[in-house]
Every structure is written in C-alpha cells, then in structure tokens.
Amino acid sequence: MQMRHPLALALCLSLGWCGSAFAQTPTAASWFEPQTVTLSSRYRFIENSAGDVTANQVQFKDVFRARFNVDRDRRFSINVGAGSGSSFTSSWDTTGIGSGNPSADLYVKQLYASAAPVHGVELQVGGLYINHGENTEVTSYDDDGYVMGERVTLRRPSMAYFDEVSFTRAALGSIAMPGVIRRVKLFGHQNYWQAQVIKHVSDSVSASADFTEVSGAETLRAAVAFHLPKGAPVSAVRIEQYRRVTIEPASGFAVIAERPVTAHFRFQAGYATIDPSYGSLNGDRIQRGRRIFGTATIPLTPTVNVQLFATRAFGNDFTITNRTRFDAVVTYDVLAAVRRHQ
C-alpha cells in the first residue's frame, strides 16, 4: 500500500485523531490509540571502502503507528504501522538536497489483527514487526523490517518461567516490497520461522535467545543487557551474539556501552563484527565487517530530539559499502506535542 503526501497525512492523523484520543480518560478504552507519530530529517554521509562518497544528502522520515480497539477490554485490535522509505532496510526518503533524486512515499508496512482470548496469550496475524528480543538491529534484522504471517506469544512467567515466549511463522520479504497489501500473497510462501524467549532476570539484567530459520539458513541469537548502578563507569552494557549454523556457517557479535554525560545528554559506543555472508538485512548503518560506532542523543526540548551517529569499519578484506558513515538526525515527536497541549 503506497500513499502520497506523507507529511500532510501524519499531521492530519496526529492533530485530529490524536487530539480526540488523548481527550479520553486514561481508564477508558478508546477505539483509537495513537502510539507513534514522528517527523524527522537527517543529513547522511557515506563513504565506501574504495574511498568513494556514495551518499551526501538530506533526507526526511515520517512514522505513524496506532492501534484500533475492537472491544473496550482491548482484547481484539487492529494494529497499523506506516512510514516512509521504499525497502526492508529503509525508512527515509530523499529531499533532493545533495545526492539522489527527491522522493516522497509513505507505505503501510505493518497491518495485523491481534487477539488476546485469555490473559497472557496473544495471537497476531498479518503484516508483523520483527521480534528482536534483547538483540538490536546490529546482529538481528533492521528495525524497519517486516514479515507477513502469524505469531503466538505467551506472557505467563508463572507457567513458563520466561517472561515471554513467542513463535512466529511468516514470509520474510519481499525486500523491495514494503507495502503490506502487495505482500498478502506471501501467506502461501512462508520461509521464516522463529522461536524466541525473553527473561528479566532482575531489575538490572534481562536476556533473550531465539532460533530463526530463513529459507534453510538456521541462526541462533542471544543477548544480555545489564543496567549498572550509579557511580559505575557506564550505566548500561549490552552483549549480543549470533551464530549461523547452516548455509555458510559463521558467527558475529556486538558490545554496546552507554553513559549519560549529563542529565539529558546520552552517549553510546560499540564494537561489532558481522560476517561477510550475513546479508544486507541487519541495520543499514552497520551492515557487515568489523567496525566501531557511536551515538549521541540530545533532547533539545520535550518534543525535539537530536541524534548524532558515526561509524568506521576497519581490518576487513572484503568490500564495505559504508566504511565511513555519519548521520545527524532531528526528530519532532508530534504525540508529545499533542499531550502537552491537552
């Protein structure tokens, strides 16, 4: 499903529907629950391993996510996720400033029905988000990715030990077909299967593990996130790893540390190594090879956020499409603005 004029659409949805939705009392089950409405712009610079500049441009991004409740108890709902970008790993369009021709498309990438027939059990069917667990898009799939299929999730730790157990059977792709309606036909060609568990060991430690098979390629993933006490050199550390056991077996990992510089300024730094046969479906800012990366997050106001990202790949004996990359992103949170004016 493709739509034009995404900026106008997002503003209409946020300022119209969002305003009426937030006017409901917190305990009332509104039929419409907006979850995310953001407008972003970024400057992007990319240089490959041959020293060629492949991108030097200004882009924009619109994201809209919402839930439509069928009943007052929120047991049955329709969920929708729409955004700019024209592929599995892209949620950005070009403005025409710098390299690249201008584009302005908005795709409905996720659209699924959810049912919770009993407490702690959820069934989903349709165009779904990808379950990452504690793994990030560095060692999993890009945050903008999508699958078409079914998922069952159990959230009853008293019965299953784990806080969350999920099983997904779906079709991964098509990579260049983000529109969910065009991907309905993939229900009959499912090639993706995932089993995942998540456990919150304590208030400061959480972990996840999953087994994923895509077209015969079987991959094990696991990650642990630690939140450290005040006074520690860093406030959080995440360790994530994957091992592909069939079809060009290989492994990789990432270590990410976070430290608040001030009460509002947050900095993350990490190291990752992704094998050359991993493919191109993990985060497009990372992709493959050995690299270091860093992210600085700076909230300018309650509704405007700035993020700076930089990465450099090194020590790789194969072609790297993003040996050097720098992003400067400004995001306006429309929902936060609406809430402040209620």
Side-chain angles (χ1 to χ4, degrees), residues 1-16 18 34-48 51-66 80-110 137 142-146 174-180 182 280-287 293-312 320-338:
M1 183 180 293
Q2 180 181 9
M3 292 176 280
R4 299 285 180 178
H5 309 299
L7 178 61
L9 174 66
L11 287 175
C12 288
L13 290 172
S14 61
L15 298 180
C18 297
Q35 298 168 325
T36 302
V37 181
T38 59
L39 308 175
S40 304
S41 179
R42 79 174 175 188
Y43 166 72
R44 181 176 72 154
F45 173 88
I46 301 177
E47 178 188 68
N48 63 23
D52 299 324
V53 176
T54 58
N56 187 10
Q57 60 191 186
V58 176
Q59 300 176 302
F60 70 91
K61 171 181 178 179
D62 305 327
V63 176
F64 170 73
R65 295 179 181 178
V80 59
S84 47
S86 58
S87 73
F88 186 95
T89 59
S90 173
S91 59
W92 296 85
D93 285 320
T94 54
T95 62
I97 301 175
S99 58
N101 296 321
S103 60
D105 298 319
L106 182 70
Y107 290 91
V108 176
K109 300 180 180 181
Q110 288 85 20
E137 65 174 357
D142 192 286
D143 289 338
D144 303 313
Y146 42 78
S174 161
I175 306 310
M177 191 188 296
V180 69
R182 296 178 61 192
S280 58
L281 300 186
N282 62 326
D284 63 311
R285 300 194 299 184
I286 300 298
Q287 295 183 3
F293 55 92
T295 304
T297 303
I298 311 165
L300 296 183
T301 72
T303 59
V304 179
N305 183 74
V306 173
Q307 186 183 86
L308 305 176
F309 172 84
T311 183
R312 175 76 176 187
I320 301 293
T321 59
N322 61 339
R323 181 181 65 178
T324 303
R325 174 163 174 165
F326 174 76
D327 293 1
V329 183
V330 179
T331 299
Y332 175 60
D333 189 331
V334 179
L335 286 191
V338 171

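Please read these numbers as outputs of a predicted model, since none were measured by experiment.
- Listed here is the closest heavy atom pair of F60 and T95: CD2-CG2, 3.7 Å.
- Considering all non-hydrogen atoms of both residues, P178 and S87 come closest at CG-N, 4.1 Å.
- With rounding to the nearest 0.5 angstrom, the OH atom of Y43 is 12.5 Å from the CG atom of L308.
- Within the model, atoms CD of E47 and CD1 of I320 stand 12.5 Å from one another, a figure rounded to the nearest 0.5 Å.
- When all heavy atoms are compared, the tightest approach of D62 to L106 is O-CD1, 4.2 Å.
- Evaluation of the side chain to side chain donor-acceptor pair (under 3.5 Å) rule for R42 yields Q59, D327 as partners, not counting sequence neighbours.
- With rounding to the nearest 0.5 angstrom, the OH atom of Y332 is 11.5 Å from the OG1 atom of T38.
- Summarising the geometry of S91 relative to S84, their closest heavy-atom pair is O-OG, 2.8 Å, with the distance given to 0.1 Å.
- No side-chain donor-acceptor contact under 3.5 Å links Q57 to the backbone of G98.
- Side chain of Y146 to backbone of S174: a donor-acceptor contact under 3.5 angstrom is found.
- A donor-acceptor pair is defined here as one N or O able to donate and one able to accept, closer than 3.5 Å; such a pair exists between the side chain of T94 and the backbone of N101.
- Side-chain contact between N322 and T324 is absent, with no heavy atoms from C-beta onward closer than 4.5 Å.
- Residues D144 and T89 share a closest heavy-atom pair of OD2-O, 3.8 Å.
- Residues that satisfy the side chain to side chain donor-acceptor pair (under 3.5 Å) test with T295, not counting sequence neighbours, are absent from this structure.
- Without hydrogens or angle criteria, D142 side chain to S90 main chain gives no donor-acceptor distance under 3.5 Å.
- A cation-pi arrangement is present between R285 and F309 under the rule of less than 6.0 angstrom and at most 45 degrees off the ring axis.
- The CD atom of Q287 sits 10.0 Å away from the CG atom of L281 when rounded to the nearest 0.5 Å.
- With sequence neighbours excluded, no residue forms a side chain to side chain donor-acceptor pair (under 3.5 Å) with N282.
- When S40, S41, P299 are each tested for a side-chain contact (heavy atoms from CB on, under 4.5 Å) with T331, only one passes: S40.
- In this structure, the separation between NZ on K109 and CZ on F88 is 10.5 Å, given to the nearest 0.5 Å.
- No side-chain heavy atom of T54 sits less than 4.5 Å from a side-chain heavy atom of T321.
- When all heavy atoms are compared, the tightest approach of P34 to A66 is CA-CB, 4.1 Å.
- A side-chain contact (heavy atoms from CB on, under 4.5 Å) with N305 is found for exactly one of I298, T297, V329, namely T297.
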